[in-house]
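For reference, the structure discussed in these notes is given below.
Numbers restart at 1 for each chain; the letters A, B, ... are given by sequence-line order, proteins then strands. What you see is a predicted model; the values in this text were computed from it and never measured.
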Protein chains: 2
Amino acid sequence: MRHSTGQKDRESRLLRQLREKGYKLTSQRLAIIHLLAGDTSHPSASDVLKRARKRVPKISMSTVYYALDMLKREGLIRELEFYEKENRYDINISDHINLVCRKCGKIEDFMGEVPLSPTEVEGKTGFRPEGMRFEFYGYCRACKNRGKR
Amino acid sequence: MRHSTGQKDRESRLLRQLREKGYKLTSQRLAIIHLLAGDTSHPSASDVLKRARKRVPKISMSTVYYALDMLKREGLIRELEFYEKENRYDINISDHINLVCRKCGKIEDFMGEVPLSPTEVEGKTGFRPEGMRFEFYGYCRACKNRGKR
DNA sequence: ACGCATTTTCGGAATGATTCCTAATTAGAT
DNA sequence: ATCTAATTAGGAATCATTCCGAAAATGCGT
Ligand SMILES: [Mn+2]
Ligand SMILES: [Mn+2]
Ligand SMILES: [Zn+2]
Ligand SMILES: [Zn+2]
């Protein structure tokens, strides 16, 4: 295993990388990084705002977007874009499949290899992949057990 | 093979299905369906508007959205949603992988089985998939051969 | 500890694709 | 030809995100 995935370890790794790049570690950023490091729920920007305000009550939405943008430019988080809903932010930056519940909106990770490699795609098509987005839409275990709609 | 994929066949199949459901076939809709049936480029709503105006010069954007919405509700096209760009419309409604070029915006189909079945996902996780979205982002053959950015 | 340059914050305005609204038009049935 | 429900068109509204400018804060050098 390359990295521990504990919240504390992930948090200090993020902070170290930002410090190395010369970013200022404000209380707003510390709060955002702290909550993201321990969150596998793929939160939206407004989720992040709500939780960050528990530690830094006056933090603004602009600041949340500015911090999320920095983190994604540095490759430390991934943004999952949706048109009809808010975008979501994923602390898991590896190529993986997300399972998106159509009822409750929960997004969970599907563990396991993505069963098609970029190399294979390029060999067959000439298209050179640099990123991927694999999602299933449906009903999570909880939602499917209480009538799907 | 189940269906022919020729433009003419696809077009008459779409028209038949809409007639059966009682939809009115206006000149605006005929133009939109005609162009979609022969288009594998995954056009945006404004692409559709531009091309539809060649046959029906006064067609409005509202009408294009209304028609696209009808087609997707009937399961005859698929909408690919993007946050930072316009949504795109796919006449290929089967589960398949799309290759999205980051330089020119072209979207092409990757032919071949999607290498992971909904059944397998449900067996491993309890999540019940009903739809999927599999995309690779990168550079199409033309764009990768002229400096990627 | 102090001052400084630069970055960051924050509130509000702007953006833009899509959706909503309403009145006028039209397809298709009788 | 008439009628009615569906469709069209243009404009307003929506809303998450981005942009803007001024005020505040960080962290470095001294
Ligand atoms: Mn994930
Ligand atoms: Mn496609
Ligand atoms: Zn659910
Ligand atoms: Zn290209």
Side-chain angles (χ1 to χ4, degrees), chain A residues 14-34 42-50 52-53 55-74 76-90 100 105 107, chain B residues 14-34 42-50 52-53 55-74 76-90 100 105 107:
Chain A
L14 291 172
L15 294 176
R16 177 169 43 73
Q17 294 185 63
L18 294 175
R19 244 187 298 264
E20 280 168 7
K21 301 262 188 174
Y23 288 104
K24 292 182 180 175
L25 297 179
T26 62
S27 61
Q28 292 90 335
R29 287 179 174 178
L30 292 175
I32 290 170
I33 289 158
H34 178 74
H42 306 76
S44 66
S46 55
D47 292 335
V48 172
L49 177 66
K50 198 182 310 169
R53 283 195 164 153
R55 290 186 156 221
V56 184
K58 317 185 83 64
I59 187 175
S60 74
M61 185 57 114
S62 301
T63 299
V64 170
Y65 276 115
Y66 192 82
L68 291 171
D69 186 60
M70 167 195 71
L71 291 167
K72 77 191 181 205
R73 282 198 327 275
E74 293 300 332
L76 302 175
I77 61 174
R78 232 171 96 67
E79 184 176 39
L80 300 174
E81 302 188 327
F82 293 98
Y83 174 70
E84 76 305 357
K85 320 191 216 51
E86 291 174 88
N87 294 345
R88 307 277 288 256
Y89 297 88
D90 196 338
V100 183
I107 299 180
Chain B
L14 290 171
L15 294 176
R16 177 171 42 73
Q17 294 185 63
L18 293 175
R19 245 189 296 266
E20 281 168 6
K21 300 262 189 175
Y23 288 104
K24 292 182 180 174
L25 297 179
T26 62
S27 61
Q28 292 91 334
R29 286 178 176 179
L30 293 173
I32 289 170
I33 288 158
H34 178 76
H42 306 76
S44 66
S46 55
D47 293 335
V48 172
L49 177 66
K50 199 183 311 169
R53 283 195 164 152
R55 291 186 156 219
V56 183
K58 316 184 84 64
I59 187 175
S60 74
M61 186 55 114
S62 300
T63 300
V64 170
Y65 275 115
Y66 191 82
L68 292 171
D69 185 60
M70 167 194 69
L71 292 167
K72 77 191 182 206
R73 280 198 329 273
E74 293 301 331
L76 302 175
I77 61 174
R78 231 170 96 67
E79 184 176 40
L80 299 175
E81 303 188 327
F82 293 99
Y83 174 70
E84 78 304 359
K85 321 194 217 49
E86 291 174 89
N87 294 345
R88 306 278 287 258
Y89 298 88
D90 196 338
V100 183
I107 300 180

Practice prompt. Verify the contact: side-chain N or O of B/Asn87 to OP1 or OP2 of C/dT18, cut-off strictly under 4.0 Å; return yes or no.
Written response: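 Yes, such a contact exists.
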
Discussion item. Side-chain N or O of A/Tyr66 versus OP1/OP2 of C/dT9: is the shortest distance under 4.0 Å?
Written reply: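 Indeed not, no polar side-chain atom of A/Tyr66 lies that close.
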
Atom [atom1] of [X] and atom [atom2] of [Y]: how far apart are they, to the nearest 0.5 Å?
| X | Y | atom1 | atom2 | value |
| --- | --- | --- | --- | --- |
| A/Leu30 | A/Arg55 | CG | CZ | 8.5 Å |
| A/Thr26 | A/Ile33 | OG1 | CD1 | 8.0 Å |
| B/Ile107 | B/Asp90 | CD1 | CG | 8.0 Å |
| A/Ser60 | A/Tyr66 | OG | OH | 12.0 Å |
| A/Glu79 | B/Glu84 | CD | CD | 8.0 Å |

In whole angstrom, give the distance that lies between atom [atom1] of [X] and atom [atom2] of [N].
| X | N | atom1 | atom2 | answer |
| --- | --- | --- | --- | --- |
| A/Leu68 | D/dT18 | CG | C1' | 13 Å |
| A/Arg53 | C/dT9 | CZ | P | 14 Å |
| B/Met70 | C/dT19 | CE | C1' | 17 Å |
| A/Leu49 | D/dA16 | CG | C1' | 13 Å |
| B/Leu30 | D/dT7 | CG | P | 13 Å |

Practice prompt. Select base, sugar-phosphate, or nothing to describe what A/Asp69 touches, counting heavy atoms under 4.0 Å on all strands.
Written response: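 Nothing, no heavy atom under 4.0 Å.
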
Worksheet item: Nearest of C/dT18, C/dG11, D/dG10 to any side-chain atom of B/Ser62?
Response: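 When the side chain of B/Ser62 is considered, D/dG10 is the closest of C/dT18, C/dG11, D/dG10.
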
Please report the closest heavy-atom contact between [X] and [Y], naming both atoms and the distance.
| X | Y | result |
| --- | --- | --- |
| B/Ile77 | B/Tyr89 | CD1-CD2, 3.9 Å |
| B/Ala52 | B/Ala31 | O-CB, 4.3 Å |
| A/Leu49 | A/Met61 | CD1-N, 3.9 Å |

Worksheet item: For DNA chain D, which residues in residues 76-85 of chain B have a heavy atom at a distance below 4.0 Å?
Response: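 Going residue by residue through residues 76-85 of chain B, the ones with a heavy atom under 4.0 Å of DNA chain D turn out to be B/Tyr83.
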
Discussion item. If you take any heavy atom closer than 4.0 Å to DNA chain D, which residues from residues 18-29 of chain B end up in contact?
Written reply: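 Contacts with DNA chain D under 4.0 Å: B/Tyr23, B/Lys24, B/Thr26, B/Gln28, B/Arg29.
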
Worksheet item: Around A/Lys85, counting heavy atoms of other residues, nucleotides and ligands shown, do more than 12 lie under 6.0 Å from its NZ?
Response: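 More than 12 within 6.0 Å, yes.
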
Worksheet item: Nearest nucleotide by nearest heavy atom, which residue falls closer to the 5' end of DNA chain C, B/Tyr65 or A/Lys58?
Response: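 Whichever sits nearer the 5' end wins; that is A/Lys58.
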
